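Please read these numbers as outputs of a predicted model, since none were measured by experiment. First the proteins, then the strands, lettered A, B, ... as listed; each starts at 1.
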Amino acid sequence: MHIKKIYKILLNYFGEQGWWHADSIFEICVGIILVQRTTWRNAAKGIENLKKRRLLKVKKIAEISLKELEDLLRPTGFYRQKAEYLKIFTQYALEKYGGDLEKWFNKSAEELRKELLRLKGIGEETADSILLYAAKKLVFVVDAYTKRILTRLGIIKKGTSCSEIKKMIWRELPVDLKTYKELRALFVELGKRFCKATPQCDGCPLESVCQKHI
DNA sequence: GTCCAGGGCCTAC
DNA sequence: GTAGGCCATGGA
């Protein structure tokens, strides 16, 4: 079973996901950081809290007190870390690029990735997510769901590294931004509905091609 | 009450 | 380089 076929099945089943229709690049970055290890529903509460207070700007976040930011992010879980992460991200963007994310992201994917990974709170997945959804770089995002799904489908072995998976996707899928954004979103959707830690295969669109339940 | 969600950091081996 | 503990709210 090829990735291309799986993509078609998922797109047909779930429809287009259209993730990250946000008001700004910065909002996308904030969303990506806030959704770490939680649901979008909870992350969105944090975004809403910031919007209500008109704080969804690089400079604003960089300058408000940590305590205030923590309180606004409480519904997102792990709010102390996330507040610190947003502080670090915004202060870096402000000092080095005057808060202009367009300017910051206008460099090669490799350079930007290295730069993002140096910031506390931005690991591999968050960096790749920012690269794809905010900086519009052609990078596939490998998350826990992607690994679990591909493992259960028998496409990768358990323990395959993120970079190996990315190379595999790169080989098998026609490379365009929209497809990468959609596929990642579709994997998450499939994961939430059917491919949880304990499989819930009843009605899964990939049930007929899934080989094992590891 | 229990389990887990669109990770990452830190520490110990 | 990787396995395990930790972070914390909210929904099922």
Q: What's the closest nucleotide to the A:T38 side chain, out of B:dG6, B:dA5, B:dC9?
A: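 Nearest to the side-chain atoms of A:T38, counting from C-beta on, is B:dA5.
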Q: For the pair made of CD in A:E189 and P in B:dG6, what is the distance, rounded to whole Å?
A: 9 Å
Q: Does a nitrogen or oxygen in the side chain of A:Y79 sit under 4.0 Å from OP1 or OP2 of C:dA8?
A: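 No.
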Q: Taking the side chain as everything from C-beta on, heavy atoms only, tell me whether A:F105 gets closer than 4.5 Å to A:C29.
A: yes
Q: What is the distance, rounded to the nearest whole Å, between atom CZ of A:F140 and atom P of B:dG6?
A: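 The distance from CZ of A:F140 to P of B:dG6 comes to 15 Å, rounded to the nearest Å.
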Q: Nearest nucleotide by nearest heavy atom, which residue falls closer to the 5' end of DNA chain B, A:N42 or A:G121?
A: A:N42
Q: Please classify the nucleic acid contact of A:F187 as base, sugar-phosphate, or nothing, using heavy-atom distances under 4.0 Å.
A: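 If one applies the 4.0 Å heavy-atom cut-off, A:F187 turns out to touch nothing in the nucleic acid.
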Q: How many Å lie between CD on A:E124 and P on B:dC9, as a whole number?
A: 10 Å
Q: Using the C1' atom on both, measure B:dG1 against C:dG10 and round to a whole Å.
A: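 Those two atoms are separated by 15 Å.
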Q: Would you indicate which nucleotide in C:dC7, C:dT9, B:dC9 comes nearest to any side-chain atom of A:Q81?
A: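 That would be C:dC7.
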Q: What contact category does A:G123 fall into here, base, sugar-phosphate, or nothing, at under 4.0 angstrom with non-hydrogen atoms?
A: sugar-phosphate
Q: Of the nucleotides C:dT9, C:dA8, B:dG6, which one has an atom closest to the side chain of A:Y145?
A: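 Between C:dT9, C:dA8, B:dG6, the one nearest the side chain of A:Y145 would be B:dG6.
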Q: Where the side chain of A:K192 is defined as all heavy atoms beyond and including C-beta, which of B:dG8, C:dG10, B:dG6 is the nearest nucleotide?
A: B:dG6
Q: Using atom CZ of A:R80 as one end and atom P of B:dC9 as the other, report the distance to the nearest whole Å.
A: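 Roughly 18 Å, once rounded to whole Å.
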Q: Is it true that atom NZ of A:K107 has more than 12 heavy atoms of other residues, nucleotides or ligands lying nearer than 6.0 Å?
A: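 Correct, the count exceeds 12.
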Q: Does A:S129 have a side-chain nitrogen or oxygen under 4.0 Å from the phosphate oxygens OP1 or OP2 of B:dG6?
A: no
Q: For residues A:V141 and A:T146, determine if any side-chain heavy atom of one lies less than 4.5 Å from a side-chain heavy atom of the other.
A: no
Q: Which of these nucleotides, C:dG10, C:dA8, B:dG8, is closest to any side-chain atom of A:Q36?
A: B:dG8
Q: Identify which nucleotide among B:dC4, B:dC9, C:dA8 has an atom closest to any side-chain atom of A:K120, counting heavy atoms from C-beta outward.
A: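 Taking heavy atoms from C-beta onward, the closest nucleotide is B:dC9.
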Q: Please report the distance, rounded to the nearest Å, between CZ in A:R193 and P in C:dA12.
A: 14 Å
Q: In whole Å, what is the span from the CZ atom of A:R118 to the C1' atom of B:dG8?
A: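 Between C1' of B:dG8 and CZ of A:R118: 18 Å.
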Q: Apply side-chain contact (heavy atoms from CB on, under 4.5 Å) to A:S129 and A:R184, showing your working.
A: CA-CA 10 Å; A:S129 246; A:R184 195 289 179 96; 3.1 Å; yes
Q: 5'-most contact on DNA chain C: A:R41 or A:R37, nearest heavy atom basis?
A: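 Mapping each residue to its closest nucleotide by heavy atoms, the 5'-most match is A:R37.
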Q: Classify A:K196 by what it touches in the nucleic acid, base, sugar-phosphate, or nothing, heavy-atom distance under 4.0 Å.
A: nothing
Q: Can you see which heavy atom on A:A127 is nearest to which on A:L116, and at what distance?
A: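 It is O-CD1, 4.0 Å.
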Q: From the set B:dA5, C:dG11, B:dG8, return the single nucleotide nearest to any side-chain atom of A:K45.
A: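 Of the options given, the side chain of A:K45 lies nearest C:dG11.
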Q: Checking all strands, does A:I33 fall into the base, sugar-phosphate, or nothing category for heavy-atom contacts under 4.0 angstrom?
A: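 Since no nucleic acid heavy atom lies under 4.0 Å of A:I33, the category is nothing.
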Q: Return the stacking result for B:dA5 and A:W40: yes when the ring centres lie under 5.5 Å apart and the planes under 30°, no otherwise.
A: no
Q: In whole angstrom, give the distance that lies between atom CG of A:L34 and atom C1' of B:dG7.
A: 13 Å
Q: Side chains of A:T76 and A:K45: does their closest heavy-atom pair fall under 4.5 Å?
A: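 Not touching, per the 4.5 Å side-chain cut-off.
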Q: Output the single nucleotide from B:dA5, B:dC9, B:dG6 whose closest atom is nearest the side chain of A:R148.
A: B:dA5
Q: Is the distance between the ring centroids of A:W104 and A:F89 under 6.0 Å?
A: yes
Q: Taking the same atom, C1', in B:dG6 and in C:dG4, what whole-Å distance lies between them?
A: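 B:dG6 and C:dG4 have their C1' atoms separated by 22 Å.
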Q: Could you state the CZ-P distance from A:F78 to C:dG10, rounded to the nearest angstrom?
A: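 About 13 Å, once rounded to whole Å.
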Q: Using atom C1' in both nucleotides, what's the gap between B:dA5 and C:dC7 to the nearest angstrom?
A: 14 Å
